[in-house]
There are 4 protein chains.
Amino acid sequence: MEDAPPPAARRRKEARPQEVLEAALDTFVGRGFAATRMEDVARRAGVAKGTLYLYYASKEALFEAVVQAMLGTTIARLEGDLGESPLSAGDRLRAVAQGMAGIIGDPRRAALPKLVIANAGSFPGLARFYYREVVCRGLGLIGRILAHGVATGEFRAIDPTVHARLFVAPVLMGAVWQTTFAAVEETSVPPADLLHAHVELFLRGLAPGAADAPAGERS
Amino acid sequence: MEDAPPPAARRRKEARPQEVLEAALDTFVGRGFAATRMEDVARRAGVAKGTLYLYYASKEALFEAVVQAMLGTTIARLEGDLGESPLSAGDRLRAVAQGMAGIIGDPRRAALPKLVIANAGSFPGLARFYYREVVCRGLGLIGRILAHGVATGEFRAIDPTVHARLFVAPVLMGAVWQTTFAAVEETSVPPADLLHAHVELFLRGLAPGAADAPAGERS
Amino acid sequence: MEDAPPPAARRRKEARPQEVLEAALDTFVGRGFAATRMEDVARRAGVAKGTLYLYYASKEALFEAVVQAMLGTTIARLEGDLGESPLSAGDRLRAVAQGMAGIIGDPRRAALPKLVIANAGSFPGLARFYYREVVCRGLGLIGRILAHGVATGEFRAIDPTVHARLFVAPVLMGAVWQTTFAAVEETSVPPADLLHAHVELFLRGLAPGAADAPAGERS
Amino acid sequence: MEDAPPPAARRRKEARPQEVLEAALDTFVGRGFAATRMEDVARRAGVAKGTLYLYYASKEALFEAVVQAMLGTTIARLEGDLGESPLSAGDRLRAVAQGMAGIIGDPRRAALPKLVIANAGSFPGLARFYYREVVCRGLGLIGRILAHGVATGEFRAIDPTVHARLFVAPVLMGAVWQTTFAAVEETSVPPADLLHAHVELFLRGLAPGAADAPAGERS
DNA sequence: TATGAATGAGGTTTCATTCAT
DNA sequence: CATGAATGAAACCTCATTCAT
C-alpha cells in the first residue's frame, strides 16, 4: 500500500493555495487591488468564495501573500546572479541583463512592479518593503559591478548610484509597459531586442572614450 | 478700468472646477481610482460632497476630466518641442530632455503616467487614448530626431523605434518613481542629475565609434 | 394715470403662485410626490428653484397647497350643486352628473383623485381630510337625493349609502383612468359618453320595476 | 419516505423570495414606489438589506417582480373565468362578479390596481403592460358576454365596449378604495354587499324594458 | 423679490466576511 | 475541508433646502 492516494483529485487539493495565488495575481494586476472582488479571484481559481478564507485571512492578507510569493522567487533569482564571478564588469552586466530578461519574460513575474507601483498608496508598508528587498538589493548589485568597472578602468568615471538606476530603468519600464499597453500597442518591440539594444548602448556609453561627450555639450 | 468686480469670494467660486481637479488628481494618484472616496476629494478641495457633482457627473467623469486636463498641457508642451530647429540631433535630444525635465519637475504633471499605468485595467479606453495621444507622439518625435541623426552620420546606425523607447524609459521611470518611492527612499538621486547623466550616456552610446562594442563579447 | 403699472411683467409676477401650483400639480400627478423633484416643478413653472420657497415653505407644504387649491374649487362646485331644487330625483342626479362631468372635463381637476389615491400612504392626514371634505359630502349629497327618490316612490327601495357609491364609482374611475391609461389606450371611450350611459343605466336600474331582478336566479 | 430533509430552517430558506415579494408588495402599496426604502422591505421580510439583492437586482427589478407575481395569478384567475358556458348572459356576469369578488377579497391581490395607478408615471412600461394583459382581456371578456346578451335579446341594445367599463368600474374602485380609505372610513360598506347591489342594479338597467328611460330624459 | 451654487442627510447598491450545512 | 447564502458597513449619488448676491 502506498503512503497516500493522490489520484488527481488530491493533487488538485494540495495545489489550491498556489492556484489561488496565481488567480489573485492575475486579477490584482488586471484591475488593481481595490477593484478586485474576492469573488472574481475565487471564480478564476475555480473555488468558492469562502474557500479563499481557509487559506488567507483577508483580502489584504491575500494581496500580501501574492507579493511575497513573487518576491520570494524574484529575490532568489537576483541572489543567484549576485554571486561573484571572474568575468569582466561588462560581461557581468550582460549576465545580469540575461537574468532580468528571464524574469520579465515570465508574465507573472513581470507583473510585480506594476502591482507595487499601482498599490503602494494603499499599502504604506508595501513600497518600503519592496524598496528594501528588491530595489536596494538590485541597485546595490549593479552599483557594485559599475564601481568595480570604474575601479579597473574598464568604465569611465561615473557615479555608480546614478547609473545603476539608468541601467535598471528600461527593464522596469518594459515590464510595466507589457502589462499596461501590450493590448493596444501598434508597433511593438520584442522585449529581448529592447534589452539587447539597451545593454550595448549602455556599455558603449560607459566606455572610457576620448573626450567627454561627442558634440558641443554642457547643460 | 476693471472688467468685473471679483471681490475675493467670487474669485474662489470661479476657480472651483480647477481646485477640484487638483484635489482629485492628488487623491487618485495617492490611492488609485477605486480606493479614492469622493468625500476625500471633496474634503481636500474644501467643498462638500455634493458640490463635486455640480461639475462632474460621476466619479468616472471626474477621473477622466483629471486625465484630460493633464494631457492637455502635456501634449501642448510636447507639440512646442516638436518644432523643427537648426540644431544638431544631439542638441535637439538635449532640448527634448529639458522639456521632459520641465514636465516631471511639476509633481502634478509627473503624476500622470502613474495614474494611467495604475488604472488602465479599470478604464479600457484610457490606455488606448494615452498611448495614441502621448506615447505615440512622444516616441515619434524622438524617433524622427534619431533617424535624422543616423542619416547625417551624427549617430551610428541604430533602430530609431527601439532607441526612442530607451531614451524615454528613464524619464518615465523617474516620474513613476517619484510618486511611488519618494517617501521611503534612503539615498535619492535628484531627477535633474539622473536626466543629465542619462542624456550624456545616451549620446555617447550613439556616437559612431570605432568598432562595435568596446570589449570582447556578444550577447 | 393708473394706480399701478402692470405691463405684462407685473401681471406675471402676481400670477406666480398660481403658476407654481399648476406646475406642481402636473408634476405630482405625473410622477407621484416622492419622485417629483423641486427642480422639475421650478423648471415647469419657469422660475428658479429658490423661488418656490418664497411661496411654499417645503415640498410637503407645496403638495398640500396643491391639494387645497384643487379641493377649494371642487368643493365649491359640489356645494353649488347641493342646493335644493324642485326637480325630480332622477333629474337631480342628472344634474349632479353634469357637474361631475364639468369637473373631470378639466384635466387639472380630474387629477385630484389620483393624487390623493397615490399619495395617501405618505400623507396620513390626506386620506382623512379628503374623505371628510369630499367623499363624505359628495356621497351625502347623492345619498340624500337617492333617499328622497325612494321616499317619493320614484326609485325602488335601495340602500342610499350603498348606491351612492355605485353612482360615483364610474366617475372616479374615469378620472383616474384618464391620467393613467390615456396615453396607452387603444380604443378609448369619450368620458361624456361613458357618463351618459352610466346615468341612464343607473336610473333604469333604480326604476321601481315589476319583479325583483329580470331573470331567474339568486345572488 | 420524504423527498428531502426540510428541517424548518431549510423551509424558511426556500420561501425567501416569496416572503420578500410579499413584504415588498405591502410596502410599495402603502407608500408608493419612490417613498419605499429597501431597508423597509428588508425589515418587513425579516432579512438584511443585502439579501434582497441576492434575489432581485435592483429596486426596480423588485417592483417589477412584484407586479409580475400578482399579475400571474390574476390573469390565471381571469382566464379560468373566460371559459364559455351554457349559462345566460346575466348569470355569466354574475359568475364574473363572483370571480372578481374572490380577487379583491384577497387584500394582496386587491392592491395591484392601486400599485399600477400610483406608479404608472414612473414606469412607462407598466401602464402599457397592465393595460394589455389585464384591462384589455378583462374588458374583452365582459364585452363579449354583453354582446352575446344583446344578440340573444336578453339585454337591450347597448354598446358593449362602454358598458364593460361601467361593469368593471365599481370593482376596481372598490379595490382602490380599500387600500386608500379603509383606515379612515366611518361608515364602511362590505365589499360583498356593494358588489351584489352593483350586479343587480346593472342587470336591471340592461333589461330590455319598455321605453328608453323611465322619466323625462335627455341630457 | 429672485436666483442658483452649495450643502449634507439619506437612499441605493456593492462586496468583504461569516457560518450553518 | 468546502460551500455559498446571508450580513451590514461603507461608498456613490440625489435632491430638499439654504443663503449670499
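Computed from a predicted model, the values in this text were never measured in an experiment. Proteins come first, then strands; the chains are lettered A, B, ... in the order of their sequence lines, and each starts at number 1. In what follows, every heavy atom counts, from backbone to side chain, and hydrogens, waters and symmetry copies are set aside.
Spacing between atom CG of D:Leu54 and atom P of F:dT7 amounts to 9 Å, rounded to whole angstrom units. The distance between atom NZ of D:Lys59 and atom P of E:dT14, rounded to the nearest whole Å, is 14 Å. In this structure, CG of A:Leu62 is placed 10 Å from P of E:dT17, rounded to the nearest angstrom. Remark: P of E:dG11 and CG of D:Asp40 are 8 Å apart, rounded to the nearest angstrom. Remark: C1' of E:dT12 and CZ of D:Arg37 are 12 Å apart, rounded to the nearest angstrom. Distance D:Tyr56 OH to F:dA5 P: 15 Å, rounded to the nearest Å. Following rounding to the nearest Å, A:Met38 (CE) and F:dT3 (C1') show an atom-to-atom distance of 15 Å. Atom-to-atom, CZ of C:Arg31 to P of F:dT14 comes out at 14 Å; the value is rounded to the nearest Å.
Checked against a 6.0 Å centroid threshold, the rings of A:Phe63 and A:Tyr56 do not count as neighbours.
Within the 4.5 Å cutoff, the side chain of A:Phe129 has heavy atoms near those of the A:Gln68 side chain.
In this structure, B:Lys49 does not reach the E:dG8 phosphate: none of its side-chain N or O atoms is under 4.0 Å from OP1 or OP2. For the OP1/OP2 pair of E:dA2 and a distance below 4.0 Å, the side-chain nitrogens and oxygens of C:Tyr55 include at least one atom meeting the criterion. The side chain of A:Arg16 places no N or O atom within less than 4.0 Å of a non-bridging phosphate oxygen (OP1 or OP2) of F:dC1.
Side-chain N or O atoms of B:Lys49 include none that pairs as donor or acceptor with a backbone N or O of B:Asp40 at under 3.5 Å.
Nucleotides of DNA chain F nearest to B:Thr51 and D:Thr51 differ in position, and the one nearer the 5' end is that of D:Thr51. Nucleotides of DNA chain E nearest to D:Tyr53 and C:Gly50 differ in position, and the one nearer the 5' end is that of C:Gly50. The 5' end of DNA chain E is approached more closely, in terms of each residue's nearest nucleotide, by C:Leu52 than by the other of C:Leu52 and B:Ala48.
Residue D:Arg128 places its CZ atom among 12 or fewer non-hydrogen atoms of other residues, nucleotides or ligands, all under 6.0 Å distant.
When all heavy atoms are compared, the tightest approach of C:Lys59 to C:Ala34 is NZ-O, 3.5 Å.
Searching all strands for a Watson-Crick or G-U wobble partner of E:dT18 with both distances below 3.5 Å returns F:dA5. When Watson-Crick and G-U wobble pairs are counted only if both distances are under 3.5 Å, F:dA11 pairs with E:dT12.
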